[in-house]
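All of these numbers come straight from a predicted model, not from anything done at the bench.
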Amino acid sequence: REYTIEITRVHSAHNAMTVEYRIHNTGHSPIPEGFPIAIGYQEGAGLVGSSQVYMIEVPVAAGAFGDKHLTIEAENEHKDGDAGFLTMVGDQGGHSERQFNFNLAWSHDGTATATPH
């Protein structure tokens, strides 16, 4: 499977962080229900925030986009000026494994700007 992952919005409340993303199926076959997406978050001075695996619930047709979201726990509440590093891996350990890395810069309103790394 061929695909890309783009972060569309990151926001937090207390120690929970929600990552809204778009998976673009650039291949010729659908991305099926149950396709695993692993997410890992590292914040501040090398502290690991969390790492989890989610399964896509709604398939993504060939050539289509699928808007998805994941919620993950973090070690700290985020404040203006905080930085973090987000990794998303599709099909970890499988034939279609692809990793996408993003630097996060947190703002005063609890949102973060995600820049591909």
Side-chain angles (χ1 to χ4, degrees):
R1 292 187 176 79
E2 298 174 33
Y3 55 93
T4 61
I5 291 177
E6 167 193 3
I7 303 293
T8 56
R9 183 170 186 250
V10 179
H11 52 97
S12 70
H14 307 290
N15 290 35
M17 178 176 77
T18 300
V19 178
E20 297 176 21
Y21 70 99
R22 177 171 290 147
I23 186 166
H24 179 199
N25 184 347
T26 58
H28 299 289
S29 61
I31 296 173
E33 176 182 339
F35 186 80
I37 301 288
I39 182 171
Y41 178 64
Q42 183 177 348
E43 54 190 8
L47 299 174
V48 174
S50 190
S51 178
Q52 294 173 291
V53 177
Y54 296 84
M55 306 300 185
I56 289 178
E57 295 178 359
V58 177
V60 182
F65 293 90
D67 289 322
K68 313 284 184 192
H69 71 277
L70 308 170
T71 299
I72 191 168
E73 290 183 26
E75 291 292 318
N76 304 296
E77 291 190 40
H78 301 104
K79 58 187 179 305
D80 193 29
D82 284 351
F85 186 72
L86 183 70
T87 300
M88 296 181 73
V89 181
D91 197 27
Q92 190 168 29
H95 280 4
S96 303
E97 180 175 319
R98 296 204 55 207
Q99 180 170 320
F100 303 88
N101 299 311
F102 303 90
N103 291 317
L104 298 183
W106 289 94
S107 299
H108 68 281
D109 63 357
T111 64
T113 302
T115 306
H117 176 78

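Contact check for Trp106 versus Met17: side-chain heavy atoms found under the 4.5 Å cut-off. A heavy-atom distance below 4.5 Å is not found between the side chains of Leu70 and Ile72.
Nearest heavy atom pair, residue Ala62 against residue Gly27, reads CB-O, 3.4 Å. The nearest pair of heavy atoms linking Gln92 to Ala38 is OE1-CB, 3.4 Å. Closest heavy-atom contact between Glu73 and Ser50: O-CB, 2.8 Å. Ser96 approaches Arg1 most closely through the heavy-atom pair OG-N, 2.9 Å. What you find for Asn25 and Val60 is that their closest heavy atoms are ND2-O, 3.0 Å. Contact detail for Leu104 and Ala112: the closest heavy-atom pair is CB-CB, 4.2 Å.
Residue Gln42 holds its CD atom at 11.0 Å from OG of Ser51, rounded to the nearest 0.5 Å. Put simply, CD on Gln52 and CD1 on Ile39 are 8.0 Å apart, with the number rounded to the nearest 0.5 Å. Put simply, CD on Glu2 and NE2 on His24 are 10.5 Å apart, with the number rounded to the nearest 0.5 Å. One finds the NE2 atom of His11 at 7.5 Å from the OG1 atom of Thr71 (value rounded to the nearest 0.5 Å). Rounded to the nearest 0.5 Å, atoms CG (Asn101) and CE (Met88) are 11.0 Å apart. Atoms CD1 and OG1, from Ile7 and Thr115 in turn, are 10.5 Å apart once rounded to the nearest 0.5 Å.
At least one donor-acceptor pair closer than 3.5 Å links the side chain of Lys68 to the backbone N or O of Val58.
Linking Ile, Leu, Val, Met, Phe, Trp and Tyr residues whenever their side-chain heavy atoms come within less than 4.5 Å leaves Val89 and Val10 in two separate clusters.
Val19 pairs with exactly one of Leu86, Ile37, Thr8, Ile5 by the side-chain contact (heavy atoms from CB on, under 4.5 Å) rule, that one being Leu86.
Screening residues 90-107 for salt bridge (Lys or Arg N to Asp or Glu O under 4.0 Å), with sequence neighbours left out, gives no hits.
The aromatic rings of Tyr3 and Phe100 sit tilted relative to each other, their planes meeting at an angle between 30° and 60°. Using cut-offs of 30° and 60° for the angle between ring planes, the Phe85 and His117 rings count as perpendicular.
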**Request:** Show your working on side chain to side chain contact (heavy atoms under 4.5 Å, CB included) between Thr4 and Glu6 and close with a plain yes or no.
**Result:** CA-CA 7 Å; Thr4 61; Glu6 167 193 3; 5.9 Å; no
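The ring-ring contact (aromatic ring centres under 6.0 Å, His included) search around Phe102 returns none, not counting sequence neighbours. Contacts of Glu20 classified as salt bridge (charged side-chain N to carboxylate O under 4.0 Å, His left out), with partners at least two apart in sequence or in another chain: Arg9.
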